[in-house]
Amino acid sequence: MRFSKMLLPTLKESPADADVISQKLMIRAGMIRKVAAGIYNLLPMGLRVIRNVEDIVRSEMDNAGAQEVQMPVVIPAELWKESGRWDEYGKELLRVRDRHDREFCLGPTHEEVITDMVRREVRSYRELPLNLYQIQTKFRDEIRPRFGLMRGREFVMKDAYSFHATDESAELEYQNMHRTYSRIFERCSLEFRAVEAETGAIGGRFSHEFMVLADTGEDAIASCSVCSYAANVERAEVRPSQPAPRKEEPRTIERVSTPGKKTIEEVSAFLKAAPQKLIKTLIYETDKGVVAALVRGDFDLNEMKLKRALDASFVRLADEETVKKATGAPVGFAGPVNVKARVIADFSVRDIENGVTGANEADAHIVNVNPERDFSAGYADIRNAVEGDGCPRCNGTLGIKRGIEVGHIFKLGTKYSVSMGATFLDEAGKERPLIMGCYGIGIGRTAAASIEQNHDDFGIIWPKPLAPFGCEVVPVNVNDEEVKKAAEGLYDSLIGMGIDTLLDDRDERAGVKFKDADLIGIPVRVTVGEKNLKQGLVEVKERRGGKVSLVKMNDTANAVRLILSEKA
RNA sequence: CGGGGCGUAGCGCAGCCUGGUAGCGCACCUGCUUUGGGAGCAGGGUGUCGGAGGUUCGAAUCCUCUCGCCCCGACCA
């Protein structure tokens, strides 16, 4: 490709509304342009990268025994009503009507459509298992799209769905996909971790997320320094601390006036007590009744864990009225002592000595509170993990890192097959619901994550498997006939070797071309300049690491090929 | 949806408070010089000041409504 012919509008400045590095660089490098909030055009440079990701995904999925299909973007409402998600999914589901006033939605995910496809065609256990995937544009009407391709409303996703006769078969495919995803992200040269995750609205029993490690990631993940345990902090378990020997003499409980001091910070500052001494009391409404949930003042409650500990189907922070009924006080002064609710406490509360908590009375707290002596509670792990917590699997400690979720694998079970009547006949001739799995990869997000991990002050540093071109040839001055001829010759021989090459044939100053080359991040740059050319030499520079070598004209194409065959 | 902010040239912004000829840098076009890390000089403005209404002799500027976008939060792959 010739730079002069390519729609490749590079920018010196990044637009004001870009706020992560991958988004800035994608815009500056002429890969993407915004059309509307969370909706982008992919320019030629951007599409090349996306295609590379897709090709890797496709080849590994095919290798793993999955078959590619394509499902529609526009989906009739009936399918979503059958599964029950038409009402559950909320405003993220973009609903439209056709000219006959029939209802449709733009597919944010395709469980319904695939389940419908399979129930029509599959009758017998002999046709199972089956893994079908597509690479398709999805639409989710995000509340707040941001970060360019990382959280758009319209985005390209690879989604696969597997169908099984038995749990064992579903389990095997889950492991198969786990391995396949690892291979895919390895081939993309990404530094990632597979972590245990919550299942969210899609449902199912458990899941793994594939997280690319990056400081700008939207998710926090906890991982053990010793063993392989890693989990989304939403889910990460915390090893309960061993009950410590008492350090303080229990003192007499005492009520103190704390006018207007409601938050942990306010109370802590007012009473000059460390947040670790405070017992944070949160009143929740649940289907199991009103609950007072306790965590140590410096920790955050985890609602998912609370829900699981209570075996509740919903938990919701109580409104003012409920709080008043349970505690007799306005919000901000709740405590476990004499509260009219079931009390559940995090393990971290167990070791608090002479602690501080709300008095269940306006503008008052009580001090010298000691668990067991002053109140009783059921103990469970109900807080978010933090840096330094004990690993639940071994005696290592957890560290917290940030990650970008690029893949997610679920065991769906029979949620959709039961609600939509997708059944098969087993060996005994008995009708049973299909057991399903679901496996997604964000294609655009993967490309963006790669930039988050691979860039410097000058621009993108593409790993070779994702790079839009393998090599860029830069004639320093296209008005010099010798230089021009040499560059053209090199360009032809590189192309002849099957190396995707960009020739910067623009009549621009050398500095401009170098800056653009660094910005767009092609792995190898071949510079053709007058002085070196007089000795039959050109300069070969690697974008990553910046290694420069002078190479004889005739050896150049081979030298480039050699560099491209190296890893990363 | 709650809170905050912004819409002025292709991009980044100033002008608005205190109404009176629409500006700066980059980009772009022409010419000359320059030519290995975002060149210099000279010339050129490419704009419904987001839109609609109002106040006024006069509105980018003041008022009302509206649309779009961004940031923080709750939600989510």
Side-chain angles (χ1 to χ4, degrees), chain A residues 9-20 23-24 27-28 30 33-39 88-93 107-111 138-159 197-204 207-212 217-219 232 234 303 316-317 403-410 438-446 448-449 457-459 474-480 483 504 506-519 525-533 537-539 541 546 548 550:
Chain A
T10 58
L11 262 33
K12 277 192 203 173
E13 293 171 289
S14 45
D17 55 14
D19 36 43
V20 292
Q23 184 184 15
K24 284 181 191 163
I27 293 168
R28 288 190 52 210
R33 288 291 185 267
K34 188 165 70 178
V35 176
I39 299 175
E88 280 169 24
Y89 214 87
K91 280 194 258 184
E92 235 178 84
L93 185 66
T109 174
H110 282 77
E111 283 82 2
K138 312 279 187 195
F139 194 93
R140 293 185 192 171
D141 200 357
E142 282 286 330
I143 299 168
R144 192 148 87 80
R146 57 189 136 172
F147 304 151
L149 294 193
M150 263 164 59
R151 179 170 291 276
R153 290 195 290 174
E154 186 178 298
F155 58 101
V156 175
M157 183 167 158
K158 187 282 305 179
D159 49 326
E198 287 297 337
T199 51
I202 296 181
S207 72
H208 280 86
E209 287 170 341
F210 286 76
M211 294 281 195
V212 169
E218 292 186 88
D219 294 284
N232 195 309
E234 288 175 356
E303 292 190 358
R316 182 173 60 224
L317 208 50
I404 299 163
E405 183 187 346
V406 289
H408 203 160
I409 59 178
F410 294 87
C438 155
Y439 321 91
I441 290 179
I443 301 289
R445 195 181 268 193
T446 300
D457 291 346
F458 302 104
V474 181
V476 161
N477 181 355
V478 291
N479 296 315
D480 181 312
V483 168
D504 193 347
R506 295 174 300 168
D507 184 8
E508 284 286 357
R509 299 171 63 83
V512 172
K513 296 190 188 187
F514 293 153
K515 290 288 183 191
D516 273 344
D518 289 344
L519 177 60
R525 188 183 89 196
V526 178
T527 309
V528 184
E530 290 157 75
K531 286 180 207 115
N532 288 326
L533 192 59
L537 299 173
V538 296
E539 179 186 288
K541 182 173 181 183
V548 177
L550 288 174

Check: Counting N and O atoms only, with roles assigned by atom type, does the side chain of A:Arg445 sit under 3.5 Å from a partner on the main chain of A:Glu405, one being a donor and the other an acceptor?
Finding: yes
Check: Quick one: side-chain hydrogen bond (donor to acceptor under 3.5 Å, both in side chains) partners of A:Glu142, sequence neighbours excluded?
Finding: A:Arg151
Listing time: all N or O pairs from protein to nucleotides 7-13 of chain B that are below 3.5 Å?
{"from": "B:rG12", "atom 1": "OP1", "to": "A:Ala16", "atom 2": "N", "distance (Å)": "3.2"}

Next item on the list: Go through the structure and list residues passing salt bridge (Lys or Arg N to Asp or Glu O under 4.0 Å) with A:Lys34, not counting sequence neighbours.
Entry: A:Asp17
Check: Relative to the 5' end of RNA chain B, which residue comes earlier, A:Met150 or A:Gln23, by the nucleotide with the nearest heavy atom?
Finding: A:Gln23
Checklist line | Rounded distance in Å between the P positions of B:rG15 and B:rG53 | finding: 28 Å
Next item on the list: Could you tell me which nucleotide pairs with B:rC69 by Watson-Crick or G-U wobble geometry, both distances under 3.5 Å, or answer none if nothing does?
Entry: B:rG5
Next item on the list: Would you mind reading off the distance between A:Glu218 atom CD and B:rC72 atom P, rounded to a whole angstrom?
Entry: 10 Å
Next item on the list: Between B:rU56 and B:rG4, how far apart are the P atoms? Round to whole Å, please.
Entry: 32 Å
Notebook entry, point to check: Can you name the residues that form a salt bridge (Lys or Arg N to Asp or Glu O under 4.0 Å) with A:Asp219, not counting sequence neighbours?
Noted result: none
Margin query: Any strand counts, and the cut-off is 3.5 Å on both contacts for Watson-Crick or G-U wobble. Which nucleotide pairs with B:rC32?
Written below: B:rG40
Note to self: Any carboxylate oxygen within less than 4.0 angstrom of a Lys/Arg side-chain nitrogen, looking at A:Arg316 and A:Glu303?
What the structure shows: no
Next item on the list: Provide, to the nearest angstrom, the distance between the CD1 atom belonging to A:Ile441 and the C1' atom belonging to B:rA77.
Entry: 12 Å
Notebook entry, point to check: Quick one: A:Glu209 CD to B:rC76 P, roughly how many Å, whole number?
Noted result: 12 Å
Note to self: Which residues pass the side-chain hydrogen bond (donor to acceptor under 3.5 Å, both in side chains) test with A:Asp507, not counting sequence neighbours?
What the structure shows: A:Asn479
Notebook entry, point to check: So, A:Glu539 and A:Asn532: side-chain donor and acceptor under 3.5 Å apart, yes or no?
Noted result: no
Checklist line | Separation between the C1' atoms of B:rU55 and B:rC13, rounded to whole Å | finding: 30 Å
Next item on the list: Calculate the interatomic distance between A:Arg146 atom CZ and B:rA77 atom P; express it in whole Å.
Entry: 14 Å
Checklist line | Residues in side-chain hydrogen bond (donor to acceptor under 3.5 Å, both in side chains) contact with A:Lys158, at least two apart in sequence or another chain | finding: A:Tyr181
Checklist line | With sequence neighbours excluded, residues passing side-chain hydrogen bond (donor to acceptor under 3.5 Å, both in side chains) with A:Arg153 | finding: A:Asp141
Item checked: Base partner of B:rC57, which must satisfy Watson-Crick or wobble distances under 3.5 Å -> B:rG20
Margin query: Would you measure the distance from the C1' atom in B:rG45 across to the matching atom in B:rC29 and give it in whole Å?
Written below: 11 Å
Next item on the list: Using only side-chain N and O atoms of A:Arg140, determine if any of them is under 4.0 Å from OP1 or OP2 of B:rC76.
Entry: no
Next item on the list: Measure the distance from CE on A:Met157 to C1' on B:rC76 and round it to the nearest whole Å.
Entry: 12 Å
Check: B:rA74 C1' sits how many Å from A:Glu142 CD, rounded?
Finding: 13 Å
Notebook entry, point to check: When you compare B:rG58 with B:rG20, how far apart are their C1' atoms, in angstrom units rounded to a whole number?
Noted result: 7 Å
Check: Can you check the A:Arg144 CZ to B:rG73 C1' distance for me, whole Å?
Finding: 8 Å
Item checked: Distance-only side-chain donor-acceptor flag, A:Thr109 / A:Glu111, under 3.5 Å -> yes
Margin query: Between B:rA14 and B:rC6, how far apart are the two C1' atoms, rounded to whole Å?
Written below: 14 Å
Note to self: Looking at A:Arg28 and B:rG38, is any side-chain donor or acceptor paired with a base atom of the opposite kind under 3.5 Å?
What the structure shows: yes
Check: A:Gly152 near the nucleic acid: base, sugar-phosphate alone, or nothing, with a heavy-atom cut-off under 4.0 Å?
Finding: base
Checklist line | Nearest-angstrom distance, P atom, B:rG10 to B:rA27 | finding: 16 Å
Item checked: Nucleotide opposite B:rG10 in a Watson-Crick or G-U pair, distances under 3.5 Å -> B:rC26
Checklist line | Sugar-phosphate only, base, or nothing, as touched by A:Asp516 at under 4.0 Å among non-hydrogen atoms | finding: base
Notebook entry, point to check: Considering only side-chain heavy atoms of A:Phe155, which listed nucleotide, B:rC70, B:rC1, B:rA77, is closest?
Noted result: B:rA77
Next item on the list: Write down the distance between CZ (A:Phe147) and C1' (B:rC72), rounded to a whole number of angstrom.
Entry: 11 Å
Check: In the 5'-to-3' direction, what one-character label does each nucleotide of nucleotides 30-37 of chain B receive under the scheme B = base within less than 4.0 Å of a protein heavy atom, S = sugar-phosphate only, - = no such atom?
Finding: ----BSBB
Margin query: Both distances below 3.5 Å, Watson-Crick or wobble geometry, any strand: find the nucleotide opposite B:rC75.
Written below: none
Checklist line | Check: B:rA77 base within 3.5 Å donor-acceptor of A:Arg151 side chain | finding: no
Note to self: Let's see if you can work this out: which of B:rC75, B:rC72, B:rA77 has an atom nearest to the side-chain heavy atoms of A:Ile143?
What the structure shows: B:rC75
Notebook entry, point to check: Watson-Crick or G-U wobble partner for B:rU48, using a 3.5 Å limit on both distances?
Noted result: none
Check: If you check every side-chain atom of A:Lys12, which of B:rC72, B:rC1, B:rG38 has the closest atom?
Finding: B:rG38
Notebook entry, point to check: What interatomic distance, in whole Å, is found between P of B:rC17 and the corresponding atom of B:rA60?
Noted result: 12 Å
Check: What residues form a side chain to side chain contact (heavy atoms under 4.5 Å, CB included) with A:Thr10, not counting sequence neighbours?
Finding: A:Leu8, A:Asp516, A:Leu519, A:Ile520
Checklist line | Side-chain donor or acceptor of A:Lys515 paired with backbone N/O of A:Lys12 under 3.5 Å | finding: no
